[in-house]
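A short worksheet on the structure shown next.
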Amino acid sequence: MKLLVRASGPLRGKVRVPGDKSIGHRAVLFASLARGRCVVRGLSGGEDNLATLAAMRAMGVGVQVDGNDAVIDGVGLRGLSMPSGVVDCGNSGTTMRLFAGLLSAQRFGTRLVGDASLTRRPMGRVVGPLRARGAHIAGSDRDGRPAPDLEACYPPLSVAPLVEGESLLGIEYDMPVASAQVKSCLLLSGLYAAGPTTLREPVLSRDHTERMLLSLGVPLRTMGSVVHLDPEGIDGVRWDGGWDPFTWEVPGDPSSAAFLLAAALMVPGSELTVEGVGVNPTRTGFFDLLRMLGTPAEVEPKPEAAGGEPRADLHMRHARVRGGLAGGELIVRMIDEVPVLCALATCAKGVVEVRDAAELRVKESDRIATMGAVLRAFGAPCEELEDGMKVEGGAKLRAATVQSHGDHRIAMSAALLGLVAEGETVVEDADCIATSFPTFVPLLRSLGADLEEVP
Ligand code: S3P
């Protein structure tokens, strides 16, 4: 499918975005491991979350999906069964890295595979610490042969079972990069370990796993960017090794809301509200940056969602953002929003500079390179940096035909540029938008944007 986009607007209205992808993965995982029937409402409907649901189904978990809601018959921490084939994680790095931790602790073997994009993403960052705690896990090199070392370790991942009497060990680990996927992988495996898990991140990454585990009564403590989990129990309270069923509602995805907020800023005359968005502080870097850059961003807090996740309505109207620098700890809190920030920066009064974002090079695509190519195609002056990008705002944009490189956030960022460029923009290979934001096109159309999907 490709997307045709024409200059249009203003964008006006009140909308909801699909449920948070990160929270959705974790809610499905923890529901599957609960002792009985759980309900998870407001899932994204995106393909990444569907990959996690399908993987759980393949391991014997009863899953019934009705629209964006799922009824999940949890089997308990020790109740998963061996899948009959490979576990296909599709495009989802979160599915692969979280399952790598969960499956390393099982008494059956598995093989985790992904699509072409996922197969290029580094897995040494989970394989290394999992092996250090006694897991029998191995990755592959670029040609699919057994990986010679952790530097050249990619999917597929093979996980051999723990034998009778063997269990994972406790671990104390200083994580070289802030990563919620690595942290969650190690916390999941830590639920089954014979000793405690202590993780130190350079900067606190999204903490959904910690919040959910705490709300489920798992013995876990956090202090800044340090997390400690002890399956034996904490503070003299023993843990019974599981949790009861629950009903959770997933808040709207702030990473999807970011596209609408940016579109409102870019298209003259726009004014919109995105309702029920998750505003966990480890995720609000983009919104915080918008405020620092002088935009009229407003937050109206709403009752907290289950799993300890704060929620709010976000309002935005058209304004010209100032130039400025985004770097340091802020980047960790907005890592998935850098492509849309680059698109927005083309309308800024000045230069927007992104630094400390080298992680972008190992996302669904090398987002520094792919976003650089998109910006240049629209005639936006930009400079790719090793760890970020400089974009000069204010140039007149001309419509372009651009490639998504199979990356949902690149496709949606390009579509936004099409809303303010002169002529008709074509975003090729735009099916990937369904990874996280399947309602992106109808939602933007309902707000007044002129874009359509063409098979
Ligand atoms: C995610 C963590 C982030 C983020 C990804 C989702 C998660 O990746 O970019 O889209 O759900 O844990 P890292 O953990 O690799 O930083």
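When a ligand or atom number is given, it counts from 1 through the structure's own listing order.
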* **Shortest protein contact, atom 1 (C) of ligand 1 (heavy atom only)** => Gln181 NE2, 3.5 Å

* To do: May I ask you to list the atoms of ligand 1 that are less than 4.0 angstrom from any heavy atom of Ile335?
  => 9 (O)

* **Contacting atoms of ligand 1, where contact means under 4.0 angstrom from a heavy atom of Ser22** => 1 (C), 6 (C), 7 (C), 11 (O)

* Structure fact -> Looking only at protein heavy atoms, what sits closest to atom 4 (C) of ligand 1 is Asp336 OD2, 3.3 Å

* Do ligand 1 and Ser179 have nitrogen or oxygen atoms that lie under 3.5 Å from each other? -> yes

* Spacing of CZ belonging to Arg311 relative to NZ belonging to Lys302, to within rounding of 0.5 Å -> 10.0 Å

* **Residue, atom name and distance, where the atom is the protein heavy atom closest to atom 16 (O) of ligand 1** => Lys363 NZ, 3.4 Å

* Asked: Would one find more than 12 heavy atoms of other residues, nucleotides or ligands at under 6.0 Å from atom CG of Asp66?
  -> no

* To do: Using atom types as modelled and distance alone, determine if a side-chain donor or acceptor of Ser256 lies under 3.5 Å from a backbone N or O of Phe437.
  => no

* Go through ligand 1 atom by atom and flag the ones less than 4.0 Å from a non-hydrogen atom of Thr94. => 1 (C), 6 (C), 7 (C), 11 (O)

* **ligand 1 contact on His208 by region, counting heavy-atom pairs under 4.0 Å** => neither

* Asked: Is a donor on one side and an acceptor on the other found under 3.5 Å between the side chain of Ser140 and the backbone of Pro156?
  -> yes

* Structure fact -> min-distance protein heavy atom vs atom 12 (O) of ligand 1 -> Arg26 NH2, 2.6 Å

* Asked: Which pair of heavy atoms, one from Met96 and one from Gly114, lies closest together, and at what distance?
  -> CE-N, 3.9 Å

* Asked: Would the number of heavy atoms belonging to other residues, nucleotides or ligands and lying under 6.0 Å from CZ of Arg57 be above 12?
  -> yes

* **For Pro231 against Gly195, the heavy-atom pair lying closest together** => CD-O, 3.7 Å

